[in-house]
Amino acid sequence: MSFLLKDRDARKRILWGTAGLGVAGAAIGLNLAILRNLQPIRRHALTMATNWSLYGLFFLTNREAILHERLAKKESLHLRPLLSARETDEMFSSVVAGGITGGILSFITFGRRAAIFSGIGFFAVVSAAGQYSFTVWNRWRREKILRDMAGRQHGAVIESDAEGLFARMGAKMRQLLLVDPISRLPDWFPLRRLSSTEYRGILELRREEVRTELNSLRAAISAMDSREQALLSKLAAYK
């Protein structure tokens, strides 16, 4: 892992990937807490964000370590770095790192060795799908950059390096964090953010329902007590 101290791009990929998964986990936890009426909502969102961040940190660290080892081995053999070979190495690193992470998390969660294999298979498939999606998007981005460069007469400078990419990703992520995700939903979507007044009204309604049920229970208990006293009185009269 000493290469992380020297490779700035690897550190950025790990940090931004961990932060992105944490934000995604927080959004999913928030929506699940709202849909299932889990209280407090903030705790469930923070728990989901923490779990996703830890998974992202462990997965991305393993992925970068495996990828670095494969690239260093090819460099020692003086092999020419081809783009297709780089994509293959990235896919291999993602699948292996996903399998390792999934196996460990499944064993920690379920405590059974049998769960390790299902965790390895599931997370390996998810990691492969995610890496494939990223590769397809990266190819499309490169082709778009090449088309833009060919179409411009004066050859405007395009930020195509990794630092420019992560800077744009950071700006988009900050913009997403500043905007309420629920406010982006269309009006017909059956989910919206409640105001404090509406939430208090729902709580009051629930409180009244609970009070009504308690009063019904008290009335039923009182009626049962009355019948019991009547039965005891009849039994005493017979004696």
Side-chain angles (χ1 to χ4, degrees), residues 1-29 45-139 141-142 161-170 172-173 176-177:
M1 296 297 178
S2 59
F3 75 95
L4 291 177
L5 300 176
K6 303 176 182 179
D7 194 341
R8 183 180 179 184
D9 291 336
R11 293 198 305 271
K12 282 187 175 182
R13 286 193 292 269
I14 293 174
L15 293 177
W16 282 112
T18 302
L21 285 174
V23 172
I28 293 175
L46 290 177
T47 301
M48 186 75 75
T50 303
N51 293 336
W52 281 50
S53 297
L54 291 176
Y55 165 77
L57 180 62
F58 190 72
F59 165 75
L60 292 171
T61 303
N62 286 328
R63 178 185 180 276
E64 291 297 330
I66 298 170
L67 181 60
H68 176 77
E69 182 179 356
R70 289 178 65 86
L71 294 179
K73 185 180 295 184
K74 290 185 177 182
E75 185 177 353
S76 64
L77 297 175
H78 303 288
L79 295 177
R80 186 177 181 181
L82 299 176
L83 181 60
S84 59
R86 169 79 182 196
E87 293 177 351
T88 303
D89 291 334
E90 290 178 347
M91 176 62 73
F92 177 82
S93 303
S94 298
V95 171
V96 174
I100 294 173
T101 305
I104 294 175
L105 290 180
S106 298
F107 181 73
I108 294 174
T109 303
F110 300 102
R112 301 191 307 271
R113 292 185 178 179
I116 296 177
F117 299 102
S118 61
I120 291 174
F122 176 75
F123 281 91
V125 171
V126 172
S127 301
Q131 182 62 49
Y132 177 77
S133 301
F134 176 79
T135 301
V136 171
W137 172 80
N138 201 25
R139 288 177 182 174
R141 183 182 65 87
R142 287 196 303 267
D161 56 349
E163 188 171 359
L165 172 62
F166 285 115
R168 293 193 297 274
M169 290 177 61
K172 291 181 179 180
M173 188 173 295
L176 291 175
L177 290 175

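Values below: all heavy atoms of this structure, side chains included; hydrogens, waters and symmetry mates excluded.
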- Message: My understanding is that only residues two or more places apart in sequence, or in another chain, count here; which of them pass side-chain contact (heavy atoms from CB on, under 4.5 Å) with F117?
- Response: none
- Message: For S94 versus S127, what's the shortest heavy-atom pair and its separation?
- Response: O-CB, 3.4 Å
- Query: What is the minimum heavy-atom distance between M48 and I28, and which atoms define it?
  - Reply: CE-CG2, 4.5 Å
- Item | Inter-residue atom distance I104.CD1 - I120.CD1, 0.5 Å rounding | 9.0 Å
- Note on the structure: Closest heavy-atom pair, W52 versus A24, reported as atoms and distance to 0.1 Å, is CZ3-CB, 4.0 Å
- Query: Measuring from L15:CG to K12:NZ, what's the distance to the nearest 0.5 Å?
  - Reply: 10.0 Å
- Task: Determine whether I116 and S106 make a side-chain contact, defined as any pair of heavy atoms from C-beta on separated by less than 4.5 Å.
- Result: no
- Message: Would you say that T101 contacts F123 through its side chain, given a criterion of any heavy-atom pair below 4.5 Å between the two side chains?
- Response: no
- Message: Rounded at 0.5 Å granularity, tell me how far CG in L21 sits from CH2 in W16.
- Response: 13.5 Å
- Locate the shortest heavy-atom distance separating Q131 from M91; write the atom from each residue and the value. CG-CA, 3.7 Å
- Message: How long is the straight-line distance from CD of E90 back to CD of E64, given to the nearest 0.5 Å?
- Response: 8.5 Å
- Message: Tell me every residue that passes side-chain hydrogen bond (donor to acceptor under 3.5 Å, both in side chains) with T50, counting only those two or more places apart in sequence or in another chain.
- Response: none
- Query: Looking at CZ of R139 and OG1 of T135, how far apart are the two atoms once the value is rounded to the nearest 0.5 Å?
  - Reply: 6.5 Å
- Heavy atoms from other residues, nucleotides or ligands near CZ of F58 exceed 12 (cutoff 6.0 Å): yes
- When the ring planes of Y55 and F59 are compared, do they come out parallel, tilted or perpendicular, using 30° and 60° as the limits? parallel
- Message: Nearest 0.5 Å, please: how far is CD1 in I14 from OG1 in T61?
- Response: 4.0 Å
